[in-house]
Amino acid sequence: HPLWQNSVYDPVLKPLKISYDPTTCLHIWNNGYSFLVEFDDSADRSIIVGGPLENQYRLKQFHFHWGAINEWGSEHTVDCKFYPAELHLVHWNAVAYPTFEEAVMEGDGLAVIGVFLKLGAHHEGLQTLVDALPAIKHKDTVIEFDVFDPSCLIPQCPDYWTYAGSLTTPPLTESVTWIIKKQPIEVDENQLEAFRMLLFTSDGEEEKRMVDNFRPLQPLMNRTVRSSFQ
Ligand SMILES: COc1ccc(C[C@H]2SC(=S)NC2=O)c(OC)c1
Ligand SMILES: [Zn+2]
């Protein structure tokens, strides 16, 4: 969604508190739409709280969306500008709902932190993920991933936008409290190219490069985007 022009500063918004346990990391896999790193969400070990949220939410997985070229790739824009990629850290409300699947269907079920990736300096923390990508080139390939702290992918600057939105792929349920960080992280060209080497297709099928796996921009309709900063 188009952020910034349509946002209003809300002084009541609190800082977002992020506490991830790197050992809750399970595996990294190619699901044919993106690559995702999944976490053990059987207890409150990797959680976020505060910000616009009433409860604490458990980290389930993170994944990315990116373009074939650096001109586009993100699912949100700032000042009508696309970033070459966008990270989504998906959390669910385990206080209110017994399972992730149920939370997906509820208005306060999910909280997704969005982080823009911009072309710039090499990102050390991301490189750990990039090094694993050749092993999950094809759809439905997975490798074990023992320890990873996703906080290294979240900018220090506390500023964010927030709005009530939806999943960006089917079932598109309106269950997401979006928390989009204002500050992007910088990654280098080789790291973005590594994303573009992944395939949508399974081993043995005609190869289709995994690029442009983002939902096109949608109208804001009558939604209010609030900012935590002036
Ligand atoms: C059935 O439940 C689903 C389905 C799809 C996704 C992934 C989508 S939603 C998002 S944000 N970005 C994406 O690519 C889910 O993620 C929480 C949950
Ligand atoms: Zn996503």
Side-chain angles (χ1 to χ4, degrees), residues 1-3 16 18 20 24-42 46-48 51-53 55-68 72-78 82-94 96-117 126 129 133 136 139-140 142 150 153-154 160-181 184-185 187 192 195-196 198-200 210-218 220 223 225:
H1 284 305
L3 301 168
L16 187 65
I18 297 168
Y20 294 151
T24 54
C25 190
L26 293 173
H27 46 253
I28 181 170
W29 68 295
N30 176 333
N31 70 350
Y33 301 97
S34 179
F35 70 92
L36 49 160
V37 179
E38 291 193 307
F39 291 79
D40 169 7
D41 60 349
S42 58
S46 288
I47 56 148
I48 58 171
L53 305 172
N55 293 128
Q56 66 176 27
Y57 286 65
R58 268 184 210 167
L59 176 65
K60 170 119 184 115
Q61 52 106 320
F62 69 80
H63 62 271
F64 296 81
H65 302 267
W66 60 91
W72 58 72
S74 57
E75 299 203 314
H76 294 87
T77 56
V78 180
F82 288 93
Y83 283 90
E86 184 172 322
L87 160 65
H88 289 161
L89 295 132
V90 178
H91 310 75
W92 60 284
N93 184 346
Y97 307 108
T99 65
F100 171 77
E101 286 68 26
E102 283 180 72
V104 164
M105 310 311 287
E106 303 291 338
D108 60 350
L110 302 180
V112 180
I113 298 176
V115 180
F116 294 118
L117 276 65
L126 188 76
L129 298 178
L133 298 187
I136 56 164
K139 180 181 178 197
D140 294 331
V142 56
L153 302 174
I154 302 174
Y160 62 85
W161 291 282
T162 183
Y163 72 96
S166 73
L167 300 178
T168 63
T169 67
L172 296 168
T173 41
E174 303 207 343
S175 53
V176 178
T177 299
W178 279 98
I179 301 167
I180 314 282
K181 300 290 281 186
I185 57 170
V187 301
L192 283 173
F195 285 19
R196 301 178 183 131
L198 291 169
L199 301 177
F200 282 126
M210 186 180 275
V211 291
D212 297 331
N213 60 352
F214 57 86
R215 188 190 189 195
L217 209 57
Q218 300 298 308
L220 196 54
R223 265 184 272 241
V225 177

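The analysis underlying the following values was restricted to heavy atoms, covering all of them including side chains, and did not include hydrogens, waters or symmetry mates. When a ligand or atom number is given, it counts from 1 through the structure's own listing order.
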Show me the short polar-atom pairs for ligand 1: any N or O of it lying under 3.5 Å from a protein N or O, with distances only.
unit_1, atom_1, unit_2, atom_2, d
ligand 1, 12 (N), H63, NE2, 3.0
ligand 1, 12 (N), T168, OG1, 3.2
ligand 1, 14 (O), H63, NE2, 3.4
ligand 1, 14 (O), H65, NE2, 3.4

With a cut-off of 2.8 Å, how many protein N, O or S atoms neighbour the Zn ion (ligand 2)?
3
Taking the side chain as C-beta and beyond, is there a heavy-atom pair between F35 and L133 under 4.5 Å?
yes
Check for a donor-acceptor pair, side chain of N213 on one end and backbone N or O of Y33 on the other, with a separation under 3.5 Å.
yes
Side-chain (S74) to main-chain (T77) donor-acceptor, under 3.5 angstrom
no
Quick one: which of V90, L87, V37, I28 gives a side-chain contact (heavy atoms from CB on, under 4.5 Å) with H63?
V90
Is it true that a side-chain atom of R223 and a backbone atom of Y163 form a donor plus acceptor pair closer than 3.5 Å?
no
Can K181 be said to sit on top of Y160's aromatic six-ring, NZ or CZ under 6.0 Å from centre and within 45° of the ring axis?
no
Are L167 and S175 side-chain neighbours, meaning at least one heavy-atom pair lies under 4.5 Å?
yes
No-hydrogen, no-angle side-chain donor-acceptor test under 3.5 Å, T168 and E75
yes
Flag, side chain of D212 to backbone of A68, donor-acceptor distance under 3.5 Å
yes
